[in-house]
Structures are given as C-alpha cells and as structure tokens.
Amino acid sequence: QQQVKQSPQSLIVQKGGIPIINCAYENTAFDYFPWYQQFPGKGPALLIAIRPDVSEKKEGRFTISFNKSAKQFSLHIMDSQPGDSATYFCAAAWGGGFKTIFGAGTRLFVKA
Amino acid sequence: DGGITQSPKYLFRKEGQNVTLSCEQNLNHDAMYWYRQDPGQGLRLIYYSQIVNDFQKGDIAEGYSVSREKKESFPLTVTSAQKNPTAFYLCASSSDRGPGANVLTFGAGSRLTVL
C-alpha cells in the first residue's frame with residue numbers, strides 16, 4: 001500500500017514530442033502528489049505538484065493529470081526540448097516530508 | 001541564496017571505515033532528511049529529523065547514524081556495518097508544518113564509493 005509505481009523506466013522522444021510518464025498509488029491517505037526533476041549529478045528539484053481535489057494542473061509546458069478514482073496520475077511535457085532530458089520522479093505524500101514515497105524514476109532523453 | 005550544501009561531493013571509503021557526510025541548510029527549515037538513491041530504485045529514506053536533538057529512523061536506517069545538534073546541520077555517518085554503502089546520498093529539508101511540509105528541497109548530493 002505504500003508503493004508508488006512509475007512507468008516507463010526510460011523514454012526517448014524527438015524534440016517537440018509530448019512524453020508522458022505515469023504513476024499509480026494504493027494508499028488513499030496520500031494528499032499531495034509532486035513531481036521532481038533531477039539532472040545528472042544534481043539533487044532533485046520540485047517541478048510541479050497537485051492535490052487530489054483537482055484533476056489537472058498546468059505550469060508552463062508541464063501538466064499533471066490526476067485520476068482520483070483510478071488512483072493514477074501522470075506528467076505530460078508539451079513541446080519537449082533537449083534541455084528537458086533528465087530523470088523524473090513522481091511521489092505521493094501525506095502529513096509531512098517524511099511521509100513522501102517516491103516512484104522509481106523515469107529517464108527521459110529528448111533528441112534534438 | 002538559500003539552499004542546502006552537501007559535502008563532500010565525492011567520497012571514497014575503504015571497507016571497515018566510517019565516513020561522515022555533511023549537510024547544512026540556511027532555509028530556516030525545521031525538518032531535515034537523508035535519502036539514498038540507487039539506480040532504478042528511486043529515493044529511499046534513511047533518517048529524518050523534525051526538531052533539534054531528535055531524529056527518527058526511516059525505511060533503511062541499518063548501518064547509518066545521524067545527529068541533529070543544530071537546526072542548520074544534519075550530518076550522516078555511514079558505518080562499517082552498512083553492507084552495501086556505495087550510492088548517491090541526498091540531504092533534504094522542509095518546513096515542519098503547513099503546506100510547505102510536503103515540499104522537499106534537496107542538496108546536490110554526495111557520491112560515496114567503497115573501494
């Protein structure tokens with residue numbers, strides 16, 4: 001119940017494409033769903049996050065779609081650029097940072 | 001600029017040695033965390049601290065120890081009891097309560113290699 005399952009493990013798209021990364025969870029106590037972006041040799045940084053009372057959140061080229069009944073959420077990157085090449089982690093949290101569960105990560109490569 | 005500073009960035013250890021990773025933050029955050037990152041396994045919580053002089057074990061605390069003597073500092077010691085210590089270690093912090101409690105700010109990480 002504590003797992004967050006993330007797919008795919010890796011993803012290659014052409015510049016301008018729309019990569020989609022999917023995550024699924026079991027624990028209905030989760031009330032915060034962030035996505036973190038990590039470049040090689042760096043720490044992750046918060047990219048965008050959503051709470052379960054909305055079905056979609058958009059910030060620039062990044063969109064989270066959230067399906068509460070299916071217990072799934074996904075990240076879409078519009079008009080992807082080579083600079084978006086990074087590892088993306090979904091996570092689910094409740095009650096504080098120490099109750100954050102991370103997905104296994106998706107390595108995205110955007111070809112120029 | 002506010003942030004988290006981890007040092008050293010790279011560290012090599014011989015078997016049987018203890019090593020200490022430094023983590024300092026100037027974000028005035030109450031909560032601090034240590035995560036371990038291995039390829040394909042996401043981030044796993046080692047220890048966390050919500051207040052000075054108090055800390056709790058995370059999911060994979062065996063072979064590690066921490067201290068929290070100052071709000072700004074949360075060092076991690078990787079002891080010789082840790083069977084597979086080669087990994088990328090990440091320190092993070094957050095507010096202790098309110099909307100910011102779930103928002104983790106990470107340092108740049110320390111890569112430990114056992115020779």
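Computed from a prediction, not measured in an experiment: that's the story for all the values here. Each chain gets a letter, A, B and so on, in the order its sequence line appears, and its residues count up from 1. Worth knowing before you read on, the calculation uses all heavy atoms, side chains too, and leaves out hydrogens, waters and symmetry mates.
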Checklist entry - Can you tell me if B/Thr86 and B/Thr113 form a side-chain donor-acceptor pair at under 3.5 Å? => result no
Checklist entry - Under 3.5 Å, is there a donor-acceptor pair between the A/Lys99 and B/Asn102 side chains? => result no
Item to check | Structural part of B/Leu45 lying under 4.5 Å from a heavy atom of chain A | outcome: side chain
Checklist entry - Does any donor atom in the side chain of B/Asn18 or B/Thr20 lie under 3.5 Å from an acceptor atom in the other side chain? => result no
Checklist entry - Under 3.5 Å, is there a donor-acceptor pair linking the side chains of B/Glu24 and B/Asn26? => result no
Item to check | Within 6.0 angstrom of A/Lys15 NZ, more than 12 heavy atoms from elsewhere | outcome: no
Checklist outcome for this item: Bottom line for B/Gln6: the part with an atom under 4.5 Å from chain A's heavy atoms is neither
Next on the checklist: If I measure from the heavy atoms of chain A, does B/Leu43 come under 4.5 Å with its side chain, its backbone, both, or neither?
Outcome noted: both
Item to check | Option in A/Gly43, A/Pro44, A/Ala104, A/Gly105 with maximal non-hydrogen atom pairs under 4.5 Å from chain B | outcome: A/Pro44
Checklist entry - Is a side-chain N or O of A/Thr106 found less than 3.5 angstrom from the main chain of A/Pro8, in a donor-acceptor match? => result yes
Item to check | Under 4.5 Å from any heavy atom of chain B - which part of A/Tyr36 | outcome: side chain
Checklist outcome for this item: Turns out that what part of A/Arg51 lies under 4.5 Å from chain B's heavy atoms comes down to side chain
Next on the checklist: Heavy-atom pairs under 4.5 Å with chain A: which of B/Ala31, B/Ser94, B/Gly40, B/Ala92 has the most?
Outcome noted: B/Gly40
Item to check | Segment of A/Gln38 engaging chain B (4.5 angstrom heavy-atom cut-off) | outcome: side chain
Item to check | Step-by-step ring pair (Phe, Tyr, Trp, His ring centres under 6.0 Å) determination, B/Tyr64 to B/Tyr47 | outcome: CA-CA 8 Å; B/Tyr64 301 98; B/Tyr47 267 98; 7.7 Å; no
Checklist entry - What part of B/Gln56 gets closer than 4.5 Å to chain A, counting heavy atoms only: side chain, backbone, both or neither? => result neither
